[in-house]
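One structure below.
Every chain is numbered from 1 and lettered A, B, ... according to where its sequence line falls, protein lines coming before strand lines.
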Amino acid sequence: MARHLITSAIPYINGIKHLGNLVGSQLPADLFARYQRGRGHEVLFLCATDEHGTPAELAAAKAGKPVAEYCAEMHEVQSRIAEGFRLSFDHFGRSSSPQNHRLTQHFAKVLADRGLIREVSETQMYSPTDGRYLPDRYIEGTCPNCGFESARGDQCDNCTKQLDPVDLINPHSTISGATDLEMRETKHLYLRQSAMKDELEAWIDSKTDWPVLTTSIAKKWLNDGDGLQDRGITRDLDWGVPVQRGDEPWPGMEGKVFYVWFDAPIEYIACAQEWVEAGKGDDWERWWRTDKGAGDVTYTQFMGKDNVPFHTLGFPATILGSGEPWKLVDYIKSFNYLNYDGGQFSTSRGRGVFMDQALEILPADYWRWWLLSHAPESSDAEFTWENFQSSVNKDLADVLGNFVSRITKFCRSKFGEEVPAGGSFGERETALIADLEARIRAYEGHMEAMEVRKAAAALRGIWVAGNEYLQAAAPWATFKEDPEQAAAQVRLGLNLIRLYAVLSAPFLPDASAKMLEGMQTDATDWPGDAESALSVLEPGHAFTVPEVLFSKITDDQREEWQGRFAGVRE
RNA sequence: GGGCCUGUAGCUCAAUUGGUUAGAGCAGAGCGCUCAUAACGCUUUGGUUGGGGGUUCGAGUCCCUCCGGGCCUACCA
């Protein structure tokens, strides 16, 4: 039995995520976790909320709540929505947990002890009106280069020139509009990534089977300009992990916190500690310490492309730099973006479908199927309501759902609600079994390789094979001449439903459960050979005709949703 | 500006890494079936692989160039 540690990029706390966020990390991670569990492997699947940073503070202020309270509430909201999508996290943690505080401070100490942290004195814009230091992009003004009036402090959106906030003409805070900005001297800690460039590069170069999206982004950062740059890992904020050297104070760093991108990946580890604390497990080190049992763990991370630099360079620099035997990631599966109907999903403009809204209008399986079967693997993908409607209606309602209906209802009318006895398999059945054998193995291959769209296509092909068989065998015709033979055909058809339930579970957990319930079986072992997998339900086994698995999306519904999600979120 | 990704049938995507006649699904057309959610199956129309040039016995695949789309560019996360 293999052991799989699986993490999804942790979603930021400041609101409900849209479908693009979902398909870029949590959903494919869940697919992989469910598949590996289905194969009988030991899986630890972790996710959490990423709770620190300026946007969290601002979102809390906007909601009129203390930031800790706001984050606690939003964590609950995201947690419930994750359950709604059937995301099967073994634990859904919080980057603000005490475990993460301790571990983040521990890593900082170890890195400092090994000479990998240096102090840098720099100047930073401070806004007395806002009472806070402002990240560059929270300052706007007129671009000195092109005269664009809403240029951000880090870059002008009009001429794309990179800027320094002090260059802006008439700079002001985008939070309050305040113009009384001043430069203040402040000290920060930098992680000396540059000192680890060769080690990181050798490690990346050894990963020849990673998606090009992952390695090309990593290499770009390694070799761009002067090479890998040191990175500031502290910020002047209130909300975050206080800068400490382990348990000890860090002189000169009073009142500062670690930068979210330093503490967020560490939460992957802290989350396993939370998992133990919550009573769901008893040994987190078995998953994370190679000196304490994690040597045989395969660790896979899932994320959108915007997260790649932090997972290929920043976090590995932390892990490797510590010199401690932490488990390093084995495979990084990254995704492009999902666009919405000709443009981008927009949280600020309420454009597109958000996770809570999606569940209000349709069950999770509909979304899981469309999103995964259209996952943005090779390039950005696009959600359109027409495509969604036709894909879901055809694949789920017609091909899979109707298959279940036609065979169960036919059996009920001719043989009653139990698996009929009699007859034997002939050439047609042998051919189907051989075909399915090959298709199942191909499906497994795509799942192992995390080729999500190909896996979906292969699964659909397995469903189609059942319809082809029924059409050719035509038990409704056979029945008139040779009821025994029809019984064998129906028996095979009913067994196909159970097989489909097992194979489809990673994509469609709810429909899978309904099929198993209808077949009144809890035999969910992954199929070894197709032949024995198709004789699990024996003659005389009782079943019930399941309710319709997937009702179709009507044109009226589609048009209504199209209008509802085009503009501003309520 | 620089870098990376991408462009294949009306739509969404494949193509064993340079190897026969570029394949699937959806949509369209025709036929069959009547168990089933007006479902299913079979057959079929549809391509100058964004344009141009080059390398090669052979190019969707490699090189050059032009055009279009997207992302990243280190203080949003």
Side-chain angles (χ1 to χ4, degrees), chain A residues 9-14 50 52-56 58 122 124-125 133-139 152-155 159-162 164-165 188 193 212-213 215-217 219-221 223-225 228-232 235-236 259-261 264 304-310 313-314 336-337 339 344 373-374 376-382 384 386-387 389-391 393-414 451 453-454 456-457 460-461 464 466-479 486 489-490 493 545 547-552:
Chain A
I10 64 179
Y12 199 63
I13 195 69
N14 68 341
D50 178 12
H52 298 136
T54 306
L58 297 179
E122 55 192 17
Q124 179 82 35
M125 279 285 189
Y133 283 89
L134 295 177
D136 292 354
R137 67 166 44 206
Y138 285 95
I139 299 163
R152 286 197 325 238
D154 55 342
Q155 184 173 35
C159 68
T160 73
K161 189 178 169 66
Q162 290 173 56
D164 194 289
H188 282 296
Q193 297 185 141
V212 286
L213 184 64
T215 48
S216 66
I217 291 173
K219 286 178 179 174
K220 158 74 171 165
W221 281 58
N223 299 310
D224 194 34
L228 187 61
Q229 301 297 297
D230 294 343
R231 190 169 186 102
R235 290 292 183 274
D236 290 294
Y259 179 37
V260 275
W261 267 116
K305 59 185 168 186
D306 51 333
N307 275 324
V308 169
F310 306 100
L313 305 169
N336 288 283
Y337 291 149
N339 290 318
Q344 294 189 332
S373 63
H374 294 80
E377 291 178 301
S378 55
S379 63
D380 290 353
E382 175 160 315
T384 65
E386 288 82 0
N387 189 306
Q389 179 193 26
S390 71
S391 294
N393 285 355
K394 193 72 192 174
D395 298 348
L396 299 183
D398 294 347
V399 176
L400 177 60
N402 182 57
F403 174 82
V404 173
S405 279
R406 66 193 298 205
I407 188 66
T408 52
K409 287 181 179 173
F410 178 75
C411 183
R412 181 172 63 185
S413 74
K414 301 300 184 203
E451 294 272 12
R453 280 185 314 210
K454 287 180 184 173
R460 187 190 192 279
V464 168
N467 280 312
E468 288 171 352
Y469 167 74
L470 271 194
Q471 203 63 36
W476 50 90
T478 314
F479 185 78
Q489 293 167 343
V490 168
V545 174
E547 59 185 297
V548 165
L549 284 183
F550 298 99
S551 51
K552 293 197 190 191

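- Residue S216(A) is classed as a sugar-phosphate contact, given heavy-atom separations below 4.0 Å to backbone atoms only.
- Here G32(B) sits opposite C40(B) as a Watson-Crick or G-U wobble pair (both hydrogen-bonding atom distances under 3.5 Å).
- For the C1' atom pair drawn from U55(B) and A15(B), the interatomic distance equals 23 Å after rounding to whole Å.
- In terms of modelled atom types and a separation under 3.5 Å, the side chain of E382(A) and the main chain of N339(A) share no donor-acceptor contact.
- Side-chain atoms of K305(A) lie closest to C71(B) of the nucleotides C40(B), A14(B), C71(B).
- Relative to the side chain of R460(A), the nucleotides G25(B), A77(B), C40(B) differ in distance, and G25(B) lies closest.
- The 5' end of RNA chain B is approached more closely, in terms of each residue's nearest nucleotide, by S373(A) than by the other of F410(A) and S373(A).
- Annotation: A39(B) and A22(B) have their C1' atoms spaced 32 Å apart (nearest Å).
- Put simply, S378(A) has a side-chain N or O that comes within less than 4.0 Å of OP1 or OP2 on A14(B).
- Taking atom CZ on R137(A) and atom P on A77(B), their separation rounds to 8 Å, with Å as the unit.
- For the 3.5 Å distance criterion, the side chains of K552(A) and N393(A) fail to qualify, holding no donor opposite an acceptor.
- Pairing for U55(B) is absent, judged as Watson-Crick or G-U wobble with the two contacts each under 3.5 Å.
- For L228(A), taking side-chain heavy atoms from C-beta onward, the closest of the listed nucleotides C75(B), U37(B), A74(B) is A74(B).
- The phosphate of U6(B) (OP1 or OP2) has no side-chain N or O of Y337(A) nearer than 4.0 angstrom.
- Note that NZ of K305(A) and OG of S216(A) are 10.0 Å apart. Values are rounded to the nearest 0.5 Å.
- Straight-line distance between the C1' atoms of C71(B) and U21(B): roughly 38 Å, to the nearest whole Å.
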Using the rule given for side-chain contact (heavy atoms from CB on, under 4.5 Å), can you reason through N307(A) versus W261(A), listing the C-alpha separation, both sets of side-chain angles and the distance that settles it, and then say yes or no? CA-CA 10 Å; N307(A) 275 324; W261(A) 267 116; 3.0 Å; yes
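- To the nearest whole angstrom, the two P atoms, one in C63(B) and one in C5(B), are 10 Å apart.
- The closest donor-acceptor contact from the side chain of N467(A) to the backbone of F403(A) lies at 3.5 Å or more, if one exists at all.
- Among the nucleotides U37(B), G2(B), U12(B), the one closest to any side-chain atom of K220(A) is G2(B).
- The shortest distance between the side-chain N/O atoms of K394(A) and the OP1/OP2 oxygens of C40(B) is below 4.0 Å.
- Remark: the backbone N or O of A264(A) is not paired with any side-chain donor or acceptor of D50(A) at under 3.5 angstrom.
- No side-chain donor-acceptor contact under 3.5 Å links D136(A) to the backbone of P165(A).
- By the rule that a glycosidic angle within 90° of 0 means syn, U17(B) counts as syn.
- Within the shown strands, C67(B) is the pairing partner of G7(B) under the Watson-Crick or G-U definition, both distances less than 3.5 Å.
- Counting non-hydrogen atoms under 4.0 angstrom, S391(A) reaches nothing in the nucleic acid.
- Summarising the geometry, the separation between CG on L470(A) and C1' on C40(B) is reported as 9 Å, rounded to the nearest angstrom.
- Rounded to whole Å, the distance from CG on N223(A) to C1' on A74(B) is 14 Å.
- Nucleotides G23(B) and C40(B) are separated by 23 Å at their C1' atoms, to the nearest Å.
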Would L228(A) and L313(A) count as a side-chain contact (heavy atoms from CB on, under 4.5 Å) if you check the C-alpha gap in whole Å, the side-chain angles of each, and the deciding distance to 0.1 Å? CA-CA 9 Å; L228(A) 187 61; L313(A) 305 169; 4.0 Å; yes
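- Atom C1' of U49(B) sits at a distance of 35 Å from the matching atom of G32(B), rounded to the whole Å.
- Here the side chain of F310(A) is nearest to one of U37(B), C35(B), A77(B), namely A77(B).
- Between the base of A74(B) and the side chain of W221(A) there is no donor-acceptor pair shorter than 3.5 Å.
- Remark: Y469(A) is not in phosphate contact with G41(B), judged by side-chain N or O atoms under 4.0 Å from OP1 or OP2.
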Are any protein N/O atoms closer than 3.5 Å to N/O atoms in nucleotides 59-61 of chain B? If there are, list each pair with its distance.
none

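- The shortest distance between the side-chain N/O atoms of K454(A) and the OP1/OP2 oxygens of A24(B) is not below 4.0 Å.
- E377(A) comes within 4.0 angstrom of no nucleic acid atom, judged by non-hydrogen atoms across all strands.
- Remark: the separation of the C1' atoms in C13(B) and G52(B) is 27 Å, to the nearest Å.
- Side chain E386(A) to base C26(B): no donor-acceptor pair is found below 3.5 Å.
- Interface remark: the N402(A) side chain does not form any donor-acceptor pair with the A39(B) base, using a distance-only criterion of under 3.5 Å.
- Taking every side-chain heavy atom of D380(A) into account, G70(B) is the closest of G70(B), C35(B), C75(B).
- Side-chain atoms of Q124(A) never come within 3.5 Å of backbone atoms of Y133(A) as a donor-acceptor pair (strictly under, hydrogens ignored).
- Within the nucleic acid shown, G53(A) comes within 4.0 Å of sugar-phosphate atoms alone, with no base atom in reach, counting heavy atoms only.
- Looking at Q124(A), its side chain comes within 3.5 Å of the base of C75(B) through a donor and an acceptor atom.
- Where Q193(A) and V399(A) each meet RNA chain B at their nearest nucleotide, the meeting point lying more 5' is that of V399(A).
- Taking the C1' atoms as reference points, A14(B) lies 16 Å from U6(B), given to the whole Å.
- With a cut-off of 3.5 Å on both Watson-Crick or G-U wobble distances, the partner of A15(B) is given as none.
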